Structures are given as C-alpha cells and as structure tokens.
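All values reported here derive from a predicted model rather than from experimental measurement. Just so it is clear: chains get the letters A, B, ... in the order the sequence lines come, proteins before strands, and each one is counted from 1.
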Protein chains: 2
Amino acid sequence: MQAGDVTKYEYFITKGCLKVYTLDEDGAPHISMFAIEDYWTGDMASFITKEPTRYFIKATEDSELLGISRANYELLFQEIPKFERFYRNLYQRSLISYIRRSNQGLSLTAEERYIEYKKKYPNIVNRITQKDLAGYIGITPEFMSKIITKVNRR
Amino acid sequence: MQAGDVTKYEYFITKGCLKVYTLDEDGAPHISMFAIEDYWTGDMASFITKEPTRYFIKATEDSELLGISRANYELLFQEIPKFERFYRNLYQRSLISYIRRSNQGLSLTAEERYIEYKKKYPNIVNRITQKDLAGYIGITPEFMSKIITKVNRR
DNA sequence: GAAAAAAAATGAACTAGTTTAAGACTTTTA
DNA sequence: TAAAAGTCTTAAACTAGTTCATTTTTTTTC
C-alpha cells in the first residue's frame with residue numbers, strides 16, 4: 001500500500017510481518033502498527049471513507065495475506081448478519097488497545113513505553129529492527145539505541 | 001467514576017462536559033478524553049473485562065447522562081440484533097479517531113498537537129480550562145501557556 | 001566469501017518540554 | 001465583598017530527546 005491510494009482491501013495476515021507507517025515532511029517514518037499472524041491491517045479510515053490514505057504498508061518478512069474488498073465486506077453483513085457481532089467485538093478490542101496506546105504515548109517517557117511494549121509484545125519486538133521499533137515508540141533510532149543499552153545494563 | 005471501581009455503565013451525554021483521566025504516581029492528571037453532548041464515555045476495557053478501572057471521570061460543567069448497564073447492553077444485542085450494526089459502526093468511527101490520536105501523539109510536537117486539536121474541536125477547546133487542555137495534549141500547564149502565547153502572537 | 005548496504009553504537013552540541021518558584025488574574029465561597 | 005482557592009503567566013535552571021557526524025557490527029548480495 002502507498003500513500004495516495006484509496007484503500008481497496010482490509011488484510012488478514014496468515015504468515016509474516018508488516019509495518020504500517022506514514023512519512024512526515026522530512027521523510028522520517030512514523031510506524032502506526034506492526035501486524036503479524038492473525039492480525040488485521042490496512043487503513044480503515046480510507047477503506048470506509050474512500051479518501052486516499054496517508055499510510056504505506058511494507059512487509060518486513062515474506063508474508064501471506066488474505067484481503068477483503070469493500071464490496072465483499074458490505075455483502076458479508078448483508079448475507080450473514082452474525083458477522084456484525086464478530087466485527088463489533090473485533091473493533092471493540094482494537095479500540096481498547098488504541099485507547100491505551102494513545103494514552104501511553106502522551107503520558108509515559110520513551111523508556112517506559114519501550115519497557116511496556118516489550119513486556120506486552122515480546123514476540124513482535126524480537127522480529128523487527130531496532131530502527132523500526134524506534135519509529136513505533138516515537139523516537140529516533142539513536143535514542144532507541146541509548147535506551148536499550150541503558151535498560152540492558154541493569 | 002473513580003479508579004479502583006469496576007465500571008458498571010457506559011454513559012451517553014445529553015448535556016454538559018466531562019473529563020476522563022488517570023493520575024500518575026506523582027499525582028499528575030493525564031486526560032484521555034473530553035466528552036460533551038452526544039458522546040459516549042466510560043472505560044470500555046473495565047466495562048467489558050470487569051477488571052477495576054484506572055480512570056476517574058469528573059464533570060467540568062453541570063451534566064446529564066444516560067447510563068447503560070452491562071446486563072442491558074448484552075440484552076440489547078440479544079433482543080434487537082440490529083444494534084450490533086449500530087455499535088459496530090460506532091466502534092469503527094471511534095477506532096479511526098483513536099488511531100489518529102495515537103499516531104499524532106507520537107509524531108507531532110506539542111505545538112502541532114495543540115493547533116490540530118483546536119482546529120478539529122474548537123467547540124471543546126472553548127469549554128475547558130487551559131490546564132485541562134494541557135493534560136489532554138500531554139504537556140505541563142506552564143508549557144501550554146507558552147505555546148498559546150506564541151501561537152496567538154502570530 | 002568479499003564487497004556493499006543497512007543497522008547499531010557512540011558522543012558532542014542542540015532544542016523541546018519540565019520543574020520550581022513567584023506574582024498577577026479570575027472564580028468560588030462564606 | 002473579602003478571603004480563599006484555583007488558574008494563568010513568566011522566568012531561570014534543568015532533563016529528555018534530537019541532530020549530526022563518525023565508527024563498528026550485522027545483513028544482504030553477487
């Protein structure tokens with residue numbers, strides 16, 4: 001996926017790892033999420049509103065995804081209303097985790113955010129570069145390096 | 001609502017304004033959201049999982065709310081399955097705005113966050129104190145004061 | 001398996017945001 | 001309507017995080 005596209009699919013990952021990110025005016029990447037097996041990814045805002053996305057998606061490993069088109073997504077609910085419930089619960093859980101992420105981003109220091117993320121998602125931390133983790137935590141790779149050195153020294 | 005409680009209701013606001021916040025170990029408030037007329041508020045995580053909340057909710061104006069209990073929330077979907085769709089859409093929209101908030105919190109400077117928030121929610125900014133806005137933007141009231149002075153000087 | 005490319009580490013100089021403290025202004029309460 | 005409490009402003013000293021430049025280490029490619 002490329003910024004400027006109108007998102008045509010939401011993706012379910014069956015294998016691999018992807019990063020979803022924006023580039024700021026200086027070209028620096030800001031990573032919104034890492035998606036691994038059993039995660040959904042895409043840009044929901046663009047998928048729903050049909051406005052062009054500001055996100056890029058890139059695989060960080062060889063990956064396999066299943067995509068659902070907007071037409072099929074809408075059809076799904078028409079044909080099998082039980083899926084409303086499935087997606088209600090999916091969105092509810094995602095919402096809870098994004099509320100936490102937005103609060104932590106604004107109230108914790110970078111070091112605290114790193115420690116929390118590593119505790120919560122050790123399996124993801126082990127699969128990505130330190131540089132990408134910095135882009136997710138919201139700091140520079142240099143500062144990420146310093147934090148890791150400091151935390152490991154303990 | 002008080003940290004430590006298990007949330008019994010999700011609230012719909014018919015009148016007024018409330019702030020949802022946590023207190024950190026130093027007792028400093030971090031505001032998660034302001035909720036005004038037609039917003040839903042509460043702590044969804046606690047409402048769903050029945051674990052005690054870490055949030056406080058306080059009205060910043062005389063307010064009127066409607067609360068739905070967990071039992072009635074579940075009953076609603078059983079009795080009127082169309083509400084699954086309503087809540088799916090509600091959560092989807094909330095999710096889109098929390099994804100944006102979490103990304104902005106990690107990629108924009110405090111000044112940029114202030115300008116964005118004021119542009120997007122001018123009606124809320126006018127109803128709350130500068131101190132509470134600082135708690136929402138993720139900075140100290142002192143720095144909020146400097147930013148406002150600086151932005152207005154232009 | 002050598003060369004090239006990318007990632008990670010280190011350090012010095014810098015900037016965004018915090019802390020502490022004090023005074024001015026505004027709102028609430030008795 | 002005076003006093004008290006809370007909010008806002010300002011400023012100086014500080015700290016978390018950035019920037020830029022260089023070196024080392026790891027990964028990729030041919």
Side-chain angles (χ1 to χ4, degrees), chain A residues 16-17 19 21-31 34 56 58-63 102-118 124-154, chain B residues 16-17 19 21-31 34 56 58-63 102-118 124-154:
Chain A
C17 181
K19 55 181 175 183
Y21 61 99
T22 52
L23 295 177
D24 65 23
E25 7 9 301
D26 307 327
H30 297 278
I31 297 181
F34 297 105
F56 297 82
K58 225 176 236 173
T60 62
E61 299 173 7
D62 288 345
S63 301
S102 63
N103 292 160
Q104 289 191 345
L106 292 166
S107 65
L108 302 184
T109 63
E111 185 178 324
E112 290 166 335
R113 275 176 271 147
Y114 165 66
I115 291 168
E116 285 295 313
Y117 190 69
K118 199 173 146 186
I124 296 186
V125 171
N126 290 334
R127 289 170 76 164
I128 59 177
T129 62
Q130 212 168 290
K131 192 184 166 192
D132 279 344
L133 183 56
Y136 181 84
I137 296 284
I139 57 175
T140 58
E142 291 88 344
F143 194 53
M144 185 84 258
S145 169
K146 276 178 203 169
I147 287 173
I148 288 176
T149 308
K150 183 180 167 198
V151 169
N152 289 344
R153 188 147 21 85
R154 288 188 199 141
Chain B
C17 181
K19 55 181 175 182
Y21 61 99
T22 53
L23 295 177
D24 65 23
E25 13 0 310
D26 306 328
H30 297 278
I31 296 181
F34 298 105
F56 298 81
K58 225 175 234 176
T60 63
E61 301 174 6
D62 288 345
S63 301
S102 63
N103 292 160
Q104 289 191 347
L106 292 166
S107 65
L108 302 183
T109 64
E111 184 177 325
E112 290 167 333
R113 276 177 269 148
Y114 165 66
I115 291 168
E116 285 296 312
Y117 190 70
K118 199 174 146 183
I124 295 186
V125 172
N126 291 333
R127 289 169 77 164
I128 59 177
T129 62
Q130 212 167 291
K131 191 184 166 191
D132 278 346
L133 183 55
Y136 181 83
I137 296 285
I139 55 175
T140 59
E142 292 86 347
F143 194 52
M144 184 86 259
S145 171
K146 274 182 203 164
I147 287 174
I148 289 176
T149 308
K150 184 179 166 199
V151 170
N152 290 342
R153 189 149 19 84
R154 291 191 194 137

Colleague: What integer distance in Å separates E142(B):CD from dT15(D):P?
Modeller: 17 Å
Colleague: Can you tell me the distance, in whole Å, between the CD1 atom of I139(A) and the P atom of dG17(C)?
Modeller: 15 Å
Colleague: Take atom CZ of F143(A) and atom C1' of dA16(C), then tell me their distance rounded to the nearest Å.
Modeller: 13 Å
Colleague: As a test of reading the structure: which of dG17(D), dT10(D), dG17(C) is closest to the side chain of R113(A), going by heavy atoms?
Modeller: dG17(D)
Colleague: Where the side chain of T129(A) is defined as all heavy atoms beyond and including C-beta, which of dA8(C), dG17(C), dC8(D) is the nearest nucleotide?
Modeller: dA8(C)
Colleague: Any chance CG of D24(B) has more than 12 other-residue heavy atoms, nucleotides or ligands included, within less than 6.0 Å?
Modeller: yes
Colleague: Is Q130(A) close enough to dT26(D) that one of its side-chain N or O atoms is under 4.0 Å from OP1 or OP2 there?
Modeller: no
Colleague: Rounded to whole Å, how long is the line connecting atom NZ of K146(B) with atom P of dA12(D)?
Modeller: 10 Å
Colleague: Nearest-Å distance, CD1 (I147(A)) to P (dT18(D))?
Modeller: 8 Å
Colleague: Below the 4.0 Å mark, does dT18(C) have OP1 or OP2 next to a side-chain nitrogen or oxygen of T140(B)?
Modeller: yes
Colleague: To the nearest 0.5 Å, what is the distance between CG (L133(B)) and OH (Y114(B))?
Modeller: 7.0 Å
Colleague: For the pair made of NZ in K58(B) and P in dG6(D), what is the distance, rounded to whole Å?
Modeller: 10 Å
Colleague: Between atom CE in M144(A) and atom P in dT19(D), what is the gap in whole Å?
Modeller: 16 Å
Colleague: OG1 of T22(A) to CZ of F56(A): how many Å apart, nearest 0.5 Å?
Modeller: 8.5 Å
Colleague: Go through dT9(D), dA7(C), dA16(C) for me and flag the one nearest to the S145(B) side chain.
Modeller: dT9(D)
Colleague: Rounded to the nearest angstrom, tell me the gap between atom CD in E112(B) and atom P in dT18(D).
Modeller: 13 Å
Colleague: Counting only heavy atoms not in N126(A) (residues, nucleotides, ligands), do more than 12 fall under 6.0 Å from its CG?
Modeller: yes
